Undergrad: 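Sharing a structure below in structure tokens format, with a few things to ask.
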Amino acid sequence: MRQPKPVTVILSPEEYWLPTLRRVVSDYCSRLEFPEKLVQRIVSSTEKACFELVHHSLVAEIDDQFSLKLSYRDEACIVEIVYSKDVPLDPTGSEETGNALEDVEHIELHTLWLQVLKKKMDRVFFRFEGDRRILEMRTYRRSEGQIGRHWLMGLTARMREDVKVDIIRDENGHPVSCVLHDLVTDKVLKLDAGGTFVVERLDGTHTFYDIYMEFIDKISLSSPEHLAMIFISLEHAGMLQGQEVKVKKRSILGKLTDSINKVVFRSLNIPHADRIVDSLYKVVGCLFHPVWVGFILLFGLSGFIVLGQEISAVHELISKPALAIYKNPYLLIELYVLMTLVAVLHEFCHALTCRHYGGNVDRIGIMFYLAMIIFFADVSATWAFRNKWKRIAVAVAGPVLNLVVMSVCFWVWHFQKGHVPPEHSIWFLLGFFCLYSTVINFMPFIKMDGYFMLTDLVGIATLREKSFAYMQQKVLAVFGRGRKEDELHPSTKEKWIFWSYGVCGILFTALFFAFPFIMFARHMSKDHSSKGLMIFLGVMIALALYNAVYRAYQMVNNRLNREIVIK
């Protein structure tokens, strides 16, 4: 069968044109050689949706035209109805009653048409695109005797070649989980044993019916909906063949943002990162022996002995943070370079620990973020580790390195302190900043190592987002502004966790950002000669404001352009 080209029909909101529309849809589906029963489903569903659209347009006295597009893709007939946002036809819910679509026990007459669509069509979507609203319906090809079979069963799919698949297996070689990493978009998706079984067979030759029958035979008895959920997750993540990342036309603000990001937030990847990590692991892999690990931890903590003896020097440095820079400005350059090297070692510790437990590290690189050089290592393979303590060990490895460097620096300074005061000693300053970075790394209110340790301990992967969402839900509910589709229903334990983390997170975030500026302002009020620091502060504030405006723009844009899966 030769695939027909898409057809678009533009109509005015009048019932007079509905029979014409019916003929167009029927003729197009006939060209697809769909069975008559499927054709009737598509035609009646399209007619029903368009009738509701015309009815709502007439009631609201809106004369804007709407369009109907018919296309064939991925073994499916796709019907798209595009209309103005002014038409009060929103299939995602009812503003008058607040009833959700899933509440099928109390179907209102004005949503009955949508229930018909959900029953007759295989998949239904609703999209917000600026001033447009799009209702999309899909029906997949099936033979005459397979009309009642699940829509997924006849499909074949293939994973994109640039999606990396890390499979974790048990002692017998059976897959227990996998992590999918899109190397283009950086999206990461974790699947269980069933999802891994499916992904291994997505080679473009196996139909989902074949996979389903093998799944029942080798894994467990399951329903087609289970496989459909796996397929939809992969489809939503854009990891299937034919879903290559498309370059969209950028707005002026988008182009400006891209240009700024290339300068301010540019990242460079080191080639063959996995080979580098493997080579290093062959050299230092012996350090992961429990005896060596214990020795490293004890030495890392030994620096606190010196710190306790010289607490007055630390207090002096904290009370006058710019003292060392004023007396010896070149120390700032030395400290910056050395801290960058420590950051490199920090990330390699994460990577080597991940490699020790069987995970791959495919990306290592450098990111220029604002005025800082940030070294990063992609250890997303740890998501597939079944043992949470292994994941925690990978997160802890970096801060442990900082403690080791801190101890080395403090002990070196301890033996030379009679000759060099702390504010002039690069060893003391480096040790102090290693201690500071360790504390920051362990803070669970910033998305750094401590945060990921906490998420593993409490068993909530997106703790920060869920905590703030739950708190926002409760606050909005007080004013009657909450939306039912956004509701979270945590357990009693999770409620305590969300409230505790959310409140502490808000207080810490405010303190974390406010305290440095307050200290800086106090210092500047006493010394007006630091024009360079004033310029630096102005640049940092400008970049922070730009970041805040851009995030607000993204939030509004995502709100105006989103897709809701109705079925």
Side-chain angles (χ1 to χ4, degrees), residues 6-15 17-26 28-29 32 34 38-60 62-97 99-104 107-140 151 228 232 235-236 483 485 558-567:
V7 172
T8 302
V9 181
I10 300 177
L11 301 170
S12 59
E14 300 178 68
E15 294 183 16
W17 299 112
L18 293 181
T20 302
L21 182 147
R22 181 184 182 92
R23 288 194 297 271
V24 171
V25 177
S26 178
Y28 187 85
C29 293
L32 297 177
F34 272 35
L38 284 185
V39 173
Q40 290 303 318
R41 286 186 182 183
I42 298 171
V43 171
S44 62
S45 298
T46 304
E47 187 177 31
K48 186 66 175 175
C50 290
F51 175 82
E52 290 294 327
L53 175 60
V54 170
H55 172 71
H56 281 75
S57 297
L58 294 176
V59 170
I62 297 175
D63 296 329
D64 294 347
Q65 294 177 321
F66 68 95
S67 65
L68 174 74
K69 180 180 179 181
L70 301 170
S71 59
Y72 182 75
R73 185 175 71 250
D74 299 331
E75 298 293 317
C77 177
I78 302 175
V79 181
E80 291 180 293
I81 303 173
V82 184
Y83 57 95
S84 169
K85 69 177 179 62
D86 297 326
V87 179
L89 181 66
D90 183 358
T92 61
S94 170
E95 294 183 359
E96 293 83 3
T97 63
N99 291 336
L101 291 173
E102 290 75 9
D103 189 10
V104 295
I107 298 177
E108 303 288 343
L109 291 177
H110 58 271
T111 61
L112 184 60
W113 67 276
L114 187 59
Q115 303 300 328
V116 173
L117 263 59
K118 292 171 65 178
K119 182 176 181 179
K120 290 187 175 182
M121 303 297 284
D122 291 331
R123 303 177 72 185
V124 183
F125 306 85
F126 184 67
R127 296 199 298 273
F128 295 80
E129 291 188 359
D131 293 336
R132 304 191 308 168
R133 301 292 181 262
I134 302 176
L135 178 64
E136 178 183 322
M137 302 175 288
R138 299 182 190 179
T139 295
Y140 289 85
W151 58 266
I232 292 172
E235 183 184 57
H236 182 71
R483 298 185 306 167
E485 62 268 25
N558 292 337
R559 181 68 183 169
L560 295 177
N561 300 276
R562 66 190 191 278
E563 179 180 87
I564 298 175
V565 179
I566 298 177
K567 178 189 177 184

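Since the structure is predicted, the reported quantities are computational estimates derived from the model, not experimental observations.
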Undergrad: Between CE of M137 and SG of C77, what distance do you get to the nearest 0.5 Å?
TA: 9.0 Å
Undergrad: Can you name the nearest heavy-atom pair linking A49 to L135, along with the distance?
TA: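 Answer, listing the atom of A49 first, then L135: CB-CD2, 4.0 Å.
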Undergrad: Between V9, T46, L11, which is the residue that forms a side chain to side chain contact (heavy atoms under 4.5 Å, CB included) with V24?
TA: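 Testing each of V9, T46, L11 against V24, the sole residue satisfying side chain to side chain contact (heavy atoms under 4.5 Å, CB included) is V9.
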Undergrad: If we ignore hydrogens and angles and just use 3.5 Å, is the side chain of S45 paired with the main-chain N or O of R41 as donor and acceptor?
TA: yes
Undergrad: Atom CD of Q65 and atom CD of E14: how far apart are they, to the nearest 0.5 Å?
TA: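 That separation rounds to 9.5 Å.
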Undergrad: Would you mind reporting whether L117 and K48 have side-chain heavy atoms less than 4.5 Å apart?
TA: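 In contact.
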Undergrad: List the steps, then state whether side-chain contact (heavy atoms from CB on, under 4.5 Å) holds for K119 with V116.
TA: CA-CA 5 Å; K119 182 176 181 179; V116 173; 5.9 Å; no
Undergrad: Would you name the heavy atoms of S12 and W17 that are closest together and state the gap between them?
TA: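 That closest heavy-atom pairing would be OG-NE1, 3.2 Å.
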Undergrad: Of the non-hydrogen atoms in Y28 and P6, which two are nearest, and what is the gap between them?
TA: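 Residues Y28 and P6, closest heavy atoms: OH-CA, 4.3 Å.
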Undergrad: Nearest 0.5 angstrom please: L89 CG to I62 CD1, how far?
TA: 10.5 Å
Undergrad: To the nearest 0.5 Å, how far apart are CG in L70 and OG1 in T8?
TA: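 Rounded to the nearest 0.5 Å, the CG-OG1 separation comes out at 8.0 Å.
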Undergrad: As an exercise, state the distance from CG of L32 to CD1 of I42, rounded to the nearest 0.5 Å.
TA: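 Rounded to the nearest 0.5 Å, the CG-CD1 separation comes out at 7.5 Å.
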Undergrad: List, one per line, each side-chain donor-acceptor pair under 3.5 Å for residues 120-134, sequence neighbours excluded.
TA:
residue: K120; atom: NZ; partner: S44; partner atom: OG; Å: 3.1
residue: D122; atom: OD1; partner: R142; partner atom: NH2; Å: 3.2
residue: D122; atom: OD2; partner: Y140; partner atom: N; Å: 2.7
residue: D122; atom: OD2; partner: R142; partner atom: NH1; Å: 2.9
residue: R123; atom: NH1; partner: Y140; partner atom: OH; Å: 3.1
residue: R123; atom: NH1; partner: E235; partner atom: OE1; Å: 3.0
residue: R123; atom: NH1; partner: E235; partner atom: OE2; Å: 3.3
residue: R123; atom: NH2; partner: E235; partner atom: OE1; Å: 2.6
residue: R127; atom: NE; partner: E129; partner atom: OE2; Å: 3.4
residue: R127; atom: NH1; partner: E136; partner atom: OE1; Å: 2.5
residue: R127; atom: NH2; partner: E80; partner atom: OE2; Å: 2.9
residue: E129; atom: OE1; partner: R132; partner atom: NH2; Å: 2.7
residue: R133; atom: NH1; partner: G130; partner atom: O; Å: 3.1

Undergrad: Minimum heavy-atom separation for F66 to P13, with atom names?
TA: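 Heavy atoms of F66 and P13 come nearest at CE2-CA, 4.1 Å.
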Undergrad: Are there more than 12 heavy atoms of other residues, nucleotides or ligands under 6.0 Å from atom CG of D64?
TA: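 Yes, the 6.0 Å shell around CG holds more than 12 heavy atoms from other groups.
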Undergrad: So how far is it from S84 OG to D63 CG, rounded to the nearest 0.5 Å?
TA: 11.0 Å
Undergrad: I'd like to know if the side chain of H56 and the backbone of E52 have a donor-acceptor N/O pair within less than 3.5 Å.
TA: yes
Undergrad: So, does Y83 use its side chain to make a donor-acceptor pair with the main chain of S57 at under 3.5 Å?
TA: no
Undergrad: Apply side-chain contact (heavy atoms from CB on, under 4.5 Å) to C50 and L18, showing your working.
TA: CA-CA 8 Å; C50 290; L18 293 181; 3.9 Å; yes
